[in-house]
Structure formats: C-alpha cells, structure tokens
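Heads up: numbering here begins at 1 and tracks the sequence.
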Amino acid sequence: MKPMTKPMLKAGLLGLLSLALFQPTSYANNESNNVHQQIEQVADSLERKVIDWRRHIHQNPELGNREFETSKYIATHLRALGLEVKTEVAHTGVVAVLKGDKPGPVVALRADMDALPVKERVDLPFASKAVGEYMGKEVPVMHACGHDTHVAILMGVAELLAGMQSELPGTVKFIFQPAEEGPPPGEEGGAELMVKQGVLKNPDVDVVFGLHISAGTDVGKINIRKRGIMASSDDFKITINGKQAHGSTPWDSVDPIVTASQIVNSLQTIVSRHMPLTQQASVVTVGSIHGGVRSNIIPEKVEMLGTIRTLSEIDRTRIHEMVRKKATLIGQTMGAEVTVELPYSSAYPVTYNDPDLTDKMLPTLEAVAGAENVITIPPITGAEDFSFYAREVPGVFFFLGGKPKGLPASEAAPHHTPDFYIDESGLKLGVKALSRLAVDYLQAHSAESK
C-alpha cells in the first residue's frame, strides 16, 4: 500500500465532507470503482429519506392527471438540489435536468406518480384515507400499484446524482409522470402525452431507464428480459344494434343478446386457434356486457367492453383485424348491425427492452444486486405506458422486488387490490440500480457522443 501524501489526505477528507452535505463531489480520479463506491455509500445514507418520502406520498395519494400536491412535493425537492425544473408537463408532470460538468450523452430516468380508486385495507400508520373524484363519483384513493415507491426512489436518485454533478460526463433527465394508469375519460395524459409535448427533446434523450416495484418478488431481486417484457394493451367496445321484440316472440326480433353470445365465443377462438401459443402469449378478454332491462323484452342494443394483450406488433395487428372481422361477420349473419371501436379509450404499445442496451446494462444490474439475484423472466401480459418512451429511444425496464423475504408468493396481495403491500427495505436497491444505470451508461458512451 502506498503512503498517503498530503494532497491525497486532503482530497479524502474533502470527499467525506461532501458526502455528509450531499454537495457535488470531486474525485481524485475517474476510476469507475470509486464512483460505484460513492453511489453505494450515498444510497445507504439516503435510505431513511427515501422511506419517509414514500410514506408521505402513500398517505397523500392522487388520481391520474390530478397529482397536484404530489408534483409540488417533487418539484420543491428537485429545486432544492439546484436542478432545472419544469412543471405542468402533460398536466401535472415534473421534469428536471441535471447537467454534468463534463460533456456526454443524455439519460432519462422515469417514475410514475398516480394512484388508483381503491380503498386501502392494510393496517399501516401511514395508510391512505384520501378520497378523490373519478367519473363524477367520490372514490377512495390508494397507491395500490407502488407508484409512491417509484417517486421516492427517483427523488433519491436525483439527490444522489446531484452530489456527483462535477463528475458526470453527460446529462440526466428525471421524468416524474402522471396518469400511468390512464387519464380520466375524455382527457389525454400519461407517457403518450409527455412524449407528444417533447419530454424526450431539448436536450434530446439517448436512452431511457425505468423500474416497477413487484409485490410478488422478493426484496433484493431484479426481474428483467430482453425484447417484449410487458404486453401491449388495447381496449375495445363492440356495439350490437338489433330489433326489439317481446320475449315471447323472438322471431320478431334481431336478438343482440344471442348475437353478443356468439361474438364472445368466437373471440375466444382467436387465441386458442389462430395464434402461435408456443412462441408467446396473447389475450382477448370480454370483461363487460350490458343490454336489456326485463326478462320478457328482447332489447334493441347490447354493448360489450374488452381488452387485447399481445407481446409483438405483428400479433397486435393480427388480433385487431380478427376481432373486427369476426364481430362484424357474425353480426351480418344474425341480421344485426355491429360496430367495433378498437382501440376504444386506451392503447399502450408493447413494453420493449432494446436487446443491445439490455445486454450492455445487465452487468450493471448484476453488480448492484448480485448476479444470482437478477432473473430473466417470461413476459407479462400486464401493460405499462413506459412503452411510449421506449418506442422513441432505446429503453430498459425492469421489476424491483418488494415482497418480504420468507413470505410465500401465493400470500402476497396482488397489485391493484386493497391489501397491496410493499416491504420498504427494497427501495434502496432501486436507488442504487437507477443511479448505476445512469452513471455507467454516461461513462461508457461519453467519448462516442462527441
């Protein structure tokens, strides 16, 4: 071991002082292991803050496009860090830019902010008692999908990286996004609107990273896969107009209920008989049927709502065509008029992890979590509007474990339910993972960006 010179000792003391104050740090050299050690240390020291932020947001949830107080809370924190902050993006979104002192590429990190119309049933001291308005009705509001953890994690990442500004070779853009669960009916919102309003421009983003907490995955684990990790999601509405008649004389009717029944049965054969299920999954679900008011009246109209999930754009296009074709042709054979609205109110692309970028960043995730804790998973038929960012620039999206160790997965409450629960000890890994992804990408690509 070489003896420390006075300049080296001075640099070490200054580095420790800057850690305590979370001020920009000047390193003795640019070796990655020093930067990685700094990230580990600061993330550890930030853990209590991140948990406190999460609890505040959890106790004060807000629905999509209505995250007014949440966005103020985030913006206040980001401005205190000295970042360039823009608010009211896509209604309530917050975007902050951290420009490193060295030239390099632009990395975007994204967290979603919105809660759900769910009444919390978990006995926590910071449980939500909030209410909001959804479709004209007062509803309970809860962070039943973990978006509160995403916000807290990214607030922590912003503070960590702001303390490394002098050594960052490039720019980090922090995207706090509203309405991931979908905007209220009749409104635009979410990632699609943020992209439309230029969130990936000025400065132009080179890559984007995001995560989602998983209530069914052990704390300390990271789940990922190349290419399609989450499905596209397209809802549809099928309207069947027939001819009303007395229930005792069905021959006088064009029965929309019988027509609807045949359409539902036929739609189920799209996946089972027309899609290559050994290659990848797809789903066609009819979740709502409304028609009729009495047992002895054949109604004039039936309306059906459903969802389509696919893992490739080829499958997506094919199923859309088959839903339209089957519904309209069955309507014709029954003498009914059938209208298919597809998509009806929402359409998310496949959440696609760029294969080359995933390969390049996998060692980073393995270094942070341990190679044995980074698991390649089958694709998930849930959907995420992170897909809109990853459609524009290369992206990587992964799942962060939030289930208490030792709890059987079968006993973990699913997302979007009143009993949804997250073990907060998993948040620190999220801070480390996103910070390392940003720093490692910037370091690896700073030279080639100029």
Side-chain angles (χ1 to χ4, degrees), residues 43 46-78 91-94 96 109-132 134 139-159 174-182 189-191 210-217 219 382 384-386 397-404 412-431 433-434:
L46 280 172
E47 182 178 21
R48 185 66 253 170
K49 275 188 177 182
V50 172
I51 290 173
D52 288 343
W53 292 330
R54 184 261 167 160
R55 292 184 177 187
H56 172 83
I57 297 165
H58 188 89
Q59 198 166 20
N60 299 277
E62 296 174 294
L63 296 172
N65 280 1
R66 305 292 186 270
E67 305 95 339
F68 303 113
E69 296 304 318
T70 305
S71 63
K72 289 178 186 176
Y73 188 72
I74 295 166
T76 298
H77 172 68
L78 299 175
H91 302 297
T92 56
V94 181
L109 304 175
R110 174 269 202 168
D112 38 8
M113 307 187 299
D114 55 322
L116 289 158
V118 174
K119 184 174 178 61
E120 184 156 19
R121 203 158 52 199
V122 185
D123 184 17
L124 295 171
F126 53 92
S128 170
K129 295 178 175 60
V131 295
Y134 185 71
V139 294
V141 183
M142 174 193 175
H143 271 293
C145 200
H147 296 185
D148 52 335
T149 68
H150 305 166
V151 171
I153 286 169
L154 194 56
M155 289 172 67
V157 174
E159 182 160 325
F174 302 94
I175 300 173
F176 293 87
Q177 177 210 304
E180 189 282 325
E181 301 289 356
L211 60 75
H212 202 299
I213 200 78
S214 172
T217 301
V219 162
E384 238 285 352
D385 76 352
F386 181 87
F397 191 78
F398 61 95
F399 291 95
L400 177 71
K403 180 176 71 65
H415 292 238
H416 292 214
T417 67
D419 301 307
F420 175 79
Y421 174 81
I422 289 298
D423 184 338
E424 294 170 326
S425 68
L427 305 189
K428 182 170 63 175
L429 178 58
V431 174
L434 285 182

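The closest side-chain heavy-atom distance from Met142 to Leu116 is not below 4.5 Å. Residues Arg54 and Ile422 meet the side-chain proximity criterion, which asks for heavy atoms closer than 4.5 Å. Counting only heavy atoms from C-beta outward, the side chains of Glu67 and Phe176 never approach each other to under 4.5 Å. Here the side chains of Glu424 and Thr149 are not in contact, with every heavy-atom distance at 4.5 Å or above. His150 has its side chain within reach of Ile213: a pair of non-hydrogen atoms, C-beta onward, lies under 4.5 Å apart. Contact of the Phe398 side chain with the Leu434 side chain is registered, since non-hydrogen atoms from C-beta on lie closer than 4.5 Å. Within the 4.5 Å cutoff, no side-chain heavy atoms of Val122 are placed close to those of Phe420. When side chains are defined from C-beta on, Tyr73 does not count as touching Asn60, because their heavy atoms never get closer than 4.5 Å.
Evaluated for a ring pair (Phe, Tyr, Trp, His ring centres under 6.0 Å) with His415, the options His212, His143, His147 yield exactly one hit, His212.
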Problem - Criterion side chain to side chain contact (heavy atoms under 4.5 Å, CB included) on Asp112 and Glu384, from CA distance to verdict - result: CA-CA 10 Å; Asp112 38 8; Glu384 238 285 352; 3.4 Å; yes

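How far CG of Asp52 is from CZ of Phe126: 10.0 Å, rounded to the nearest 0.5 Å. Between atom OG1 of residue Thr70 and atom CG of residue Leu63 there is a gap of 10.0 Å, rounded to the nearest 0.5 Å. Here the CG-CE distance, from Asn65 to Met113, works out to 9.0 Å after rounding to the nearest 0.5 Å. Here Leu211 contributes atom CG and Leu154 contributes atom CG; the two are 8.5 Å apart, rounded to the nearest 0.5 Å. We find the CE-NE2 distance between Met155 and His56 to be 8.5 Å, quoted to the nearest 0.5 Å. Between atom CZ of residue Phe386 and atom CD1 of residue Ile175 there is a gap of 8.5 Å, rounded to the nearest 0.5 Å.
No side-chain donor from either of Thr417 and Asp419 sits under 3.5 Å from a side-chain acceptor of the other.
Put simply, the side chain of Glu62 gets close to the backbone of Glu69: a donor and an acceptor are under 3.5 Å apart. Of the possible polar contacts, none joining the Ser71 side chain to the Val94 backbone as a donor-acceptor pair under 3.5 Å is found. Side chain of Asp148 to main chain of Ile57: no donor-acceptor pair is present (N/O by atom type, distance under 3.5 Å, no hydrogens or angles). No donor-acceptor distance shorter than 3.5 angstrom exists from the side chain of Glu180 to the backbone of Asp114, with no hydrogens or angles considered.
Across all their heavy atoms, Ala215 and Ala412 have their closest contact at O-CB, 3.4 Å.
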